[in-house]
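Following: one structure in structure tokens, then a few remarks.
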Amino acid sequence: MRFSRLFAPTLKESPAEAEVISHKLLLRAAMIRKVAAGIYTFLPLGNRTLKKIEKIVREEMDGVGAQEILMSALQPSDLWMKSGRWDQYGPEMMRLKDRHNRDFALGPTHEELVTDLAMKEARSYRQLPLTLYQIQVKFRDEIRPRFGLLRGREFIMKDAYSFNLDQDDLEKSYDTMFHAYNRIFSRCGLEFRAVDADTGLIGGNVSKEFMVLADAGEDTVVYCDTCDYAANLEVAKTRTVDAPAGETDDAGEHAVSDGDPCPECDGLLKSAKGIEVGQVFQLGVKYSEAMGATYIDENGDLKPYVMGCYGIGVSRLMAAAIEQHNDEGGIIWPMAIAPYHVEIVVLNYDRDEQRELADDLYNGLDERDIEVLLDDRVESAGKKFADADLIGIPVQVVIGARTLKSGNIEVKIRETGERRDVQLEQAVELIADVVIELTAG
RNA sequence: CGGGGUGUGGCUCAGUUUGGUUAGAGCACCGGUUUUGGGAACCGGGGGUCGGAGGUUCGAAUCCUCUCACCCCGACCA
């Protein structure tokens with residue numbers, strides 16, 4: 001892609017509305033634009049990152065046998081009446097009426113729809129376990145949308161649902177999904193923790209949240225400095241001093257704090273802010289019983305599905321990644337979710353030598369399926385460098401008269417700031433290697 | 001919803017307290033010249049009616065009333 005043609009109106013200053021770093025940078029780097037409170041348009045760069053995240057999610061979901069579907073965002077009220085959530089959900093659900101005055105909602109989640117689908121189409125135990133997922137827009141009329149993509153009223157979510165034979169079977173699906181989630185967040189380059197969590201309005205018994213550690217987080221994560229114990233503060237436990245490890249106290253809200261003893265070992269608890277990017281639940285029979293969703297087992301008896309559900313805030317993940325990967329200059333995208341792999345900054349594109357060189361390099365990298373953004377704009381060097389840092393493409397290649405004199409171009413790693421001069425003939429090869437290296441983490 | 005705050009060209013903001021001629025600046029944008037290794041310089045140009053409605057006044061961005069939007073703190077969530 002040529003920067004001169006790219007629709008990427010970057011901003012020198014942060015719009016006043018943005019408070020947190022990801023929001024500021026998403027706006028400044030021309031990833032998103034606001035439509036209304038908590039509602040955003042994704043511009044080309046932001047959309048590319050979104051699609052990269054979605055691709056990783058799809059690969060991991062498909063990899064564990066989940067099947068992608070796409071359900072309607074617009075949902076009739078009757079299924080929600082059936083589950084009892086039409087009344088429970090409250091004003092957070094965006095509701096509307098059709099021309100016949102029938103009630104609809106813009107889906108905040110899809111348990112009802114997917115359960116209805118399964119009970120009609122997956123009648124036999126032979127079809128189970130069945131895991132379905134989708135990546136789709138969700139609507140929640142949040143009391144207070146804020147922080148850009150971190151809490152929107154319309155957002156992209158991956159939601160998966162497993163229909164299992166029994167609790168044992170559910171636990172297998174849950175476990176599989178849990179590991180897939182770990183891979184997804186690792187591949188996205190995030191530092192995260194899976195923590196014990198409250199099940200909230202979704203319901204169910206067992207649940208883990210995936211928290212990206214970042215100061216902008218709205219949740220507090222409590223974790224042990226010695227063992228694997230980690231929990232959302234809401235459900236965190238501690239151990240009364242002198243009690244042996246393993247004998248826990250159910251702690252009330254805010255009762256657990258830094259330095260309390262770990263409930264599971266002799267370590268001490270610490271706390272940090274976290275952004276919830278995913279959650280997995282063992283729902284059990286909550287929805288299947290409420291909706292009369294049953295399958296026929298091998299004896300011909302009707303049994304309720306034992307269900308699990310698994311969500312990832314895809315657009316939130318994008319913001320969370322920025323919260324973890326930025327500096328004064330702007331975003332530092334992990335390679336796996338960067339809009340482009342390499343940005344070629346050509347300081348004087350109007351000079352034949354530089355233009356030809358840049359075009360060759362561009363084509364050479366393109367042939368190796370490396371995604372390249374070529375800054376061919378007629379702008380000052382300073383502006384191009386600043387934009388490159390802001391947009392945060394992981395590898396920058398600078399073509400300018402200074403290094404060209406000795407037959408070199410410069411390769412700079414966005415994250416570390418490391419630069420090295422590279423001979424022209426070796427450039428494609430070397431840049432390709434750097435991209436692979438950075439992809440591997 | 002409670003509390004606090006802000007609405008002035010695309011963005012950042014000044015002007016509002018103490019009403020007074022054609023509403024300003026920087027950035028961005030358009031044309032031109034010279035530039036180009038860290039947000040270039042100069043010349044020329046376009047764009048706002050001051051969130052909206054109503055009111056007070058000879059006169060309103062400025063005062064009053066209502067209203068809408070947005071942001072921050074709290075309760076909810078991917």
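All of these numbers come straight from a predicted model, not from anything done at the bench. All chains are named by letter (A, B, ...) in the order of the sequence lines, taking the proteins before the strands, and each is independently numbered beginning at 1.
- As judged by a 4.0 angstrom heavy-atom cut-off over every strand, A:G90 is placed among residues making no nucleic acid contact.
- At a threshold of 4.0 angstrom between heavy atoms, the contacts of A:D159 with the nucleic acid are absent.
- Between the C1' atoms of B:rC73 and B:rU67, the separation comes to 24 Å (whole Å).
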Contacts under 3.5 Å, N or O only, protein and nucleotides 67-71 of chain B:
from, atom 1, to, atom 2, distance (Å)
B:rC70, OP1, A:A37, N, 2.9
B:rC70, O3', A:K34, NZ, 3.2

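- Among the nucleotides B:rC77, B:rU36, B:rC27, the one closest to any side-chain atom of A:S380 is B:rU36.
- Along RNA chain B, the nucleotide closest to A:V20 and the one closest to A:V314 are compared, and the more 5′ of them pairs with A:V20.
- Under a 4.0 Å N-O distance rule, the pair A:D258/A:K270 does not qualify as a salt bridge.
- For A:R140 against B:rC77, a side-chain-to-base donor-acceptor contact under 3.5 Å is absent.
- Nucleic acid contact class of A:K412 (heavy atoms, under 4.0 Å, all strands): base.
- Looking only at atom types and distance, the side chain of A:D389 has a donor-acceptor partner in the side chain of A:Q396 under 3.5 Å away.
- In this structure, A:E410 reaches the bases: a heavy-atom distance under 4.0 Å links it to at least one base atom across the strands shown.
- Salt-bridge check for A:D376 with A:R355: failed, with every basic side-chain N at 4.0 Å or more from each acidic carboxylate O.
- Nucleic acid contact class of A:G400 (heavy atoms, under 4.0 Å, all strands): base.
- Nearest to the side chain of A:F281, among B:rA78, B:rU36, B:rC76, sits B:rA78.
- The aromatic ring of A:F385 does not stack onto the base of B:rG37, failing the criterion of a centre distance under 5.5 Å from the six-membered base ring together with planes under 30° apart.
- With RNA chain B read from its 5' end, the first of the two nearest nucleotides for A:I312 and A:Q396 is the one closest to A:Q396.
- The side-chain heavy atoms of A:L45 and A:F7, taken from C-beta on, include no pair separated by under 4.5 Å.
- Between A:L11 atom CG and B:rC11 atom P the separation is 9 Å, expressed in whole Å.
- The pair A:D215-A:K273 does not meet the salt-bridge criterion, since no charged nitrogen lies less than 4.0 angstrom from a carboxylate oxygen.
- The side chain of A:E92 lies closest to B:rC76, out of B:rC27, B:rU12, B:rC76.
- Using a 4.0 Å heavy-atom criterion, one finds that A:L347 contacts the bases of the nucleic acid, with or without backbone contacts as well.
- A:R377 has its CZ atom 14 Å from the C1' atom of B:rC29, to the nearest Å.
- Of the C1' atoms belonging to B:rG2 and B:rU56, the separation is 33 Å, rounded to the nearest Å.
- Going from the P atom of B:rA14 to that of B:rC68 covers 26 Å, rounded to whole Å.
- Among the atoms of the strands shown, base atoms are found under 4.0 Å from some heavy atom of A:G313.
- Base pairing of B:rG7: its partner is B:rC68, meeting the Watson-Crick or G-U wobble criterion (both donor-acceptor distances under 3.5 Å).
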Check: residues 61-74 of chain A side-chain donor-acceptor pairs under 3.5 Å, at least two apart:
from, atom 1, to, atom 2, distance (Å)
A:D62, OD1, A:Y133, OH, 2.8
A:E68, OE1, A:R58, NE, 2.8
A:E68, OE1, A:Y133, OH, 3.4
A:E68, OE2, A:R58, NE, 3.0
A:E68, OE2, A:R58, NH2, 3.0
A:S72, OG, A:L74, O, 2.7

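- Rounded to a whole angstrom, the distance from the P atom of B:rG55 to that of B:rU12 is 32 Å.
- Base engagement by A:D219 is indicated by at least one non-hydrogen atom pair under 4.0 Å involving a base atom.
- Looking at A:E154 and A:K138, no side-chain N of the basic residue comes within less than 4.0 Å of a carboxylate O on the acidic one, giving no salt bridge.
- For the pair A:K158 NZ and B:rC77 P, the computed distance is 19 Å after rounding to whole Å.
- For B:rG39, its base never sits under 3.5 Å from the side chain of A:E379 at any donor and acceptor pair.
- Regarding A:M94, its CE atom lies at a distance of 17 Å from the P atom of B:rC77, rounded to whole Å.
- Here B:rA41 presents its C1' atom at 16 Å from NZ of A:K383, a figure rounded to the nearest Å.
- Put simply, CD1 on A:I143 is 15 Å from P on B:rC72, counting in whole angstrom units.
- Using a 4.0 Å heavy-atom distance criterion, A:V398 is classed as a base contact.
- Across all strands shown, B:rG44 pairs with B:rC30; the Watson-Crick or G-U wobble distances both stay below 3.5 Å.
- Atom CD in A:E218 sits about 12 Å away from atom C1' in B:rA75, given to the nearest Å.
- Summarising the base pairing, B:rU22 is matched to no nucleotide, lacking a Watson-Crick or G-U wobble pair whose two defining distances lie under 3.5 Å.
- In a base pair of the Watson-Crick type (N1 to N3 plus N6-O4 or O6-N4) or a G-U wobble (N1-O2 and O6-N3), with each distance short of 3.5 Å, B:rG2 is matched with B:rC73.
- Considering only the side chain of A:D350, B:rU36 comes nearest among B:rC11, B:rU36, B:rC76.
- Comparing the same atom, C1', in B:rG52 and in B:rU6 gives a spacing of 16 Å after rounding to whole Å.
- Annotation: B:rA61 and B:rC42 have their P atoms spaced 33 Å apart (nearest Å).
- Atom name P, nucleotides B:rU62 and B:rG19: the rounded distance is 12 Å, in whole Å.
- Contact check on A:R414 versus A:D327 returns a salt bridge, with a Lys/Arg side-chain nitrogen under 4.0 Å from an Asp/Glu carboxylate oxygen.
- Taking atom CZ of A:R355 as the reference point, atom C1' of B:rU36 lies 16 Å away to the nearest angstrom.
- In this structure, the side chain of A:Y340 does not engage the main chain of A:M1 through any donor-acceptor pair within 3.5 Å.
- Taking atom C1' on both nucleotides, B:rU49 is separated from B:rU35 by 39 Å, rounded to a whole Å.
- Using a 4.0 Å heavy-atom distance criterion, A:R28 is classed as a base contact.
- Using a cut-off of 4.0 Å between Lys/Arg side-chain N and Asp/Glu carboxylate O, A:R183 and A:E59 are scored as not salt-bridged.
- Nearest nucleotide to the A:E276 side chain, out of B:rU36, B:rA78, B:rG38: B:rA78.
- A distance-only check finds a donor-acceptor pair linking the side chain of A:S288 to the backbone of A:Y305 [under 3.5 Å].
- Nucleic acid contact class of A:S14 (heavy atoms, under 4.0 Å, all strands): sugar-phosphate only.
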